There are 2 protein chains.
Amino acid sequence: MTQTSTETYRLKGRLWIEGSEGTFLGYGRVVLLERIGEHGSISAAARSMEMSYRHAWKLVDSMNQQSNTPVVEKSTGGKGGGGARLTEAGKQAIATFWSAYRDYKAFLAQREKQLELL
Amino acid sequence: MTQTSTETYRLKGRLWIEGSEGTFLGYGRVVLLERIGEHGSISAAARSMEMSYRHAWKLVDSMNQQSNTPVVEKSTGGKGGGGARLTEAGKQAIATFWSAYRDYKAFLAQREKQLELL
DNA sequence: ATCCGTAATATACCGATGGGAATAACGATG
DNA sequence: CATCGTTATTCCCATCGGTATATTACGGAT
């Protein structure tokens, strides 16, 4: 027995849905969509996470451009200065991603048990 | 029908095995291990891919530190200046990762068929 | 007409990551 | 004991994503 330390290993992964222009939906993007749904604006959603408005705006723009129908509808000016709200396609996108994500997590947890390392 | 463009979506992901200090095995690391096995040195392995020796060395160091038994044995000086060779644990690590990787690819391909987006 | 908070956009900066070059140690071989 | 190609290690630099900051456009409410 010359075993000094015994490492334990975890199987980890990232999951995302790709469109024609790269990433369409990923974990952070979907959380952002949810926050937009809760707060009613991109800026409030960005503040609620640890994300800059610039970054959040780019993500929303990227998702809208790659979606067959926009996931977020934005309005500028007006009461409260404007805002943003989820579309039906947006809600559907969230559900679709979480569904795949749950399956993915389950796969990882299951597959992790079979790891055999020396 | 107001459908302008019809995006098709792909389910993509990354997979890696984590130890106590972060990533232990990933796609690039395992390819590097294989190349070391083929070429007999870290530097030749690095040259054979598009990787700097500095980077390759750090990856090998990280893997060795996190493995219960080293994955690469290195020798300095001597005929040919030294070299590096895979250990049994290294070969095992490669096999373990590719096995998980294949399953993971199969999972992604299968799960992709179930994506439903608007 | 003014105010307000948001969308929209450009610019400058910052921090991490990896690359390249440079240097030293190493040890069998001739 | 000089050579040689590798391991090992330390600098500095280019690149790149994201942050912070600043500015403009917008339009309903007062």
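Worth saying up front: this structure is predicted, and the values here are computed from it rather than measured. Order of the sequence lines fixes the chain letters, A, B, ..., with proteins taken first and strands second; residue numbering starts at 1 for each chain. Only this structure's heavy atoms are used, side chains among them; waters, hydrogens and symmetry mates stay out.
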Any side-chain donor paired with an acceptor under 3.5 Å for A:Glu7 and B:Ser20? yes
OP1 or OP2 of D:dA8 sitting under 4.0 Å from any side-chain N/O of B:Trp57? yes
Just so I know, are the side chains of B:Arg29 and B:Ser62 near enough to count as touching, which here means a heavy-atom distance under 4.5 Å? yes
pair B:Leu108-A:Tyr104: side-chain heavy atoms closer than 4.5 Å: yes
From D:dA8, C:dA7, C:dC26, pick the nucleotide closest to the side chain of B:Thr76? C:dC26
Is there a side-chain contact between B:Lys79 and the phosphate of D:dC4, meaning an N or O under 4.0 Å from OP1 or OP2? no
Any non-hydrogen side-chain atom of B:Ile36 less than 4.5 Å from a side-chain atom of B:Val71? no
Figure out the CE/C1' separation between B:Met51 and C:dG20, and round it to whole Å. 15 Å
Between C1' of C:dA7 and CD1 of A:Ile36, the distance in whole Å: 12 Å
Short side-chain N/O contact to C:dG18 OP1/OP2 from B:Lys58, under 4.0 Å: no
Would you say D:dT7 has OP1 or OP2 under 4.0 Å from some side-chain N or O of B:Ser43? yes
So which nucleotide from D:dA8, C:dT9, D:dT6 ends up closest to the side chain of B:Tyr53? D:dA8
Report the residue (B:Ser75 or A:Glu50) whose heavy-atom-nearest nucleotide on DNA chain D is the more 5′ of the two. B:Ser75
Measure from the ring center of A:Trp16 to the ring center of A:Tyr101 and say whether it is less than 6.0 Å. no
B:Arg85 CZ to D:dT7 C1': how many Å, rounded? 16 Å
From the candidates C:dG20, C:dT11, D:dT7, the one with an atom nearest any side-chain atom of B:Ser52 is C:dG20
Rounded interatomic separation in angstrom, taking NE2 from B:His55 and P from D:dT9: 18 Å
Taking only N and O in the side chain of B:Arg54, is any of them less than 4.0 Å away from OP1 or OP2 of C:dT23? no
Can you see if the side chain of A:Ser41 gets near the phosphate of C:dG5 - specifically, an N or O under 4.0 Å from OP1 or OP2? no
